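Following: one structure in structure tokens, then a few remarks.
Every value quoted in this text rests on a predicted model; they were computed, and no experiment measured them.
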Amino acid sequence: MKNSRALTICRVALLWAAAITVLFPVLWIALASVKTPQQLNDPFLLSFTPVLDSWRTVLSSDILGAAGRSAMVALVTVGISVVVGSMGAYAIARFRAGGTATRFGMLAAQVLPPAVLVFPFLTMAYALRLNDTVVPVIFAHLSFVLPVVTWFLIGFFEAVPRSLEEQAQVDGFTRFQAFRMVVLPQVYPGIGAAAIFGFTLSWNDLFYGLILAPGKAAILPVAIAGFNTFRGVQIGSMSAAILIAVVPVVIASFFIQRRLVQGISGGAVKF
């Protein structure tokens, strides 16, 4: 009984420590977004009258337009990744396409530094006269979102019994019809989690957006970085903009927390 109680206390203490570690920076940023520039000089000031000057500055800027562009880039990227990635994951799960090398090779973009990949995208953007648009950003995001979504879905397709697909083919379905009408509905929860995970990866990217679309087509992380000016960092405005960027990610995390570990571990090689 004593050991069980001590273990429970340790678990609760660890959960509280993790919650404080995660929530403290968000709370700190929220407080900074409602302070005056003079109050920001004292980061430990907790008793003050909140002001909305920083929020007015942010909302009057192009931050909402940048958020819209980020959402569009993320949605297009995720849409393509889910369609292509689901078919690729099915091929790998059912037919072992490419063998073990394919499973690990698809994550090569995660291993390579982004600086290695960004210059080909930049060259193609200038050649096609698409520089400073969201089009090259979408293609750049596909380079790391598509492999992750494919890897994520492999385990979900492997969990679908082959007998369901075989029975559908016995009933007269083609293989593609069986895939679309029988297999896919079984993995909808995994596809949803993969889509939200891919959306989060695209939404948070700064590097590709900063190189490929630094001007009028700037996405949200680039617009937030713009508050670091030659006069210094506008801490209040940047804090308000960061909160705008954090909200969608926090909401998405509640939907993928159950499926995240299952998807990532499911892509591993099974013997």
Side-chain angles (χ1 to χ4, degrees), residues 17-75 77 110 113-119 121-122 125 131-134 136-138 140-141 143-145 197-253:
I20 292 172
T21 302
V22 172
L23 295 177
F24 179 76
V26 178
L27 178 61
W28 198 273
I29 291 172
L31 291 176
S33 69
V34 292
K35 287 183 176 181
T36 64
Q38 293 76 21
Q39 292 168 342
L40 287 170
N41 293 325
D42 184 3
F44 297 100
L45 179 64
L46 299 178
S47 178
F48 61 91
T49 302
V51 294
L52 299 178
D53 294 345
S54 297
W55 284 95
R56 293 190 187 96
T57 301
V58 168
L59 295 177
S60 63
S61 65
D62 189 41
I63 200 72
L64 295 182
R69 288 188 291 272
S70 281
M72 181 184 67
V73 168
L75 289 174
T77 301
Q110 302 294 319
V116 175
L117 301 175
V118 72
F119 289 106
F121 287 119
L122 185 61
N131 52 301
D132 201 14
T133 66
V134 297
V137 179
I138 291 173
H141 286 190
S143 69
F144 62 87
V145 174
F197 186 48
F199 181 92
T200 302
L201 291 176
S202 177
W203 178 268
N204 288 333
D205 174 70
L206 170 64
F207 183 79
Y208 288 113
L210 187 62
I211 302 298
L212 300 174
K216 60 181 181 180
I219 57 178
L220 185 57
V222 178
I224 293 174
F227 289 105
N228 184 6
T229 67
F230 66 93
R231 294 177 296 180
V233 180
Q234 301 176 18
I235 299 177
S237 299
M238 181 177 284
S239 298
I242 289 173
L243 287 179
I244 294 174
V246 164
V247 170
V249 177
V250 172
I251 294 174
S253 65

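Here the NZ-OG distance, from Lys35 to Ser239, works out to 9.5 Å after rounding to the nearest 0.5 Å. The CG atom of Leu122 lies 12.5 Å from the CG atom of Leu117; values are rounded to the nearest 0.5 Å. Rounding to the nearest 0.5 Å gives a distance of 5.5 Å between CE of Met72 and CD1 of Ile138. Here the CG atom belonging to Leu45 is positioned 9.5 Å from the CG atom belonging to Leu40, to the nearest 0.5 angstrom. Taken from OG in Ser54 to CD1 in Ile235, the straight-line distance is 10.0 Å, to the nearest 0.5 Å.
No side-chain heavy atom of Pro221 sits under 4.5 Å from any side-chain heavy atom of Asn204. By the 4.5 Å heavy-atom criterion applied to side chains, Asn131 and Leu212 are not counted as neighbours. Using a 4.5 Å heavy-atom threshold, the side chains of Tyr208 and Val73 count as separate. In this structure, Phe48 and Leu31 have side chains that are in contact, with non-hydrogen atoms separated by less than 4.5 Å.
For Thr36, the side-chain contact (heavy atoms from CB on, under 4.5 Å) partners at least two apart in sequence or on another chain are Gln38, Gln39, Val51. For the ring pair (Phe, Tyr, Trp, His ring centres under 6.0 Å) test, residues two or more places apart in sequence or in another chain that qualify with Phe24 are Trp28. Looking at residues two or more places apart in sequence or on another chain, you find no side chain to side chain donor-acceptor pair (under 3.5 Å) involving Asp132. The side chain to side chain donor-acceptor pair (under 3.5 Å) test applied to Ser202 returns His141, not counting sequence neighbours.
Of all non-hydrogen atoms in Val22 and Val26, the two that sit nearest each other are O-CG2, 3.9 Å. Nearest approach of Phe227 to Ala241, heavy atoms of both residues: CE1-CB, 3.8 Å. Considering all non-hydrogen atoms of both residues, Ile244 and Trp203 come closest at O-CZ2, 4.4 Å. Heavy-atom minimum distance, Thr21 versus Pro25: O-CD, 3.1 Å.
Applying the side chain to side chain donor-acceptor pair (under 3.5 Å) test to every pair with at least one member in residues 42-52, sequence neighbours left out, gives no pairs at all.
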Exercise for the section: Walk me through it: do Val222 and Phe207 pass the test side-chain contact (heavy atoms from CB on, under 4.5 Å)? Expected result: CA-CA 8 Å; Val222 178; Phe207 183 79; over 6 Å; no
Output side-chain donor-acceptor pairs under 3.5 Å for residues 62-70, partner residues at least two apart or in another chain, one line each.
unit_1: Asp62; atom_1: OD2; unit_2: Arg69; atom_2: NH2; d: 2.7
unit_1: Arg69; atom_1: NE; unit_2: Ala218; atom_2: O; d: 2.8
unit_1: Arg69; atom_1: NH2; unit_2: Ala218; atom_2: O; d: 3.0
unit_1: Ser70; atom_1: OG; unit_2: Ala66; atom_2: O; d: 3.4
unit_1: Ser70; atom_1: OG; unit_2: Leu220; atom_2: N; d: 2.6

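Remark: side-chain polar atoms of Ser237 are not paired, donor with acceptor, to backbone N or O of Gln234 under 3.5 angstrom.
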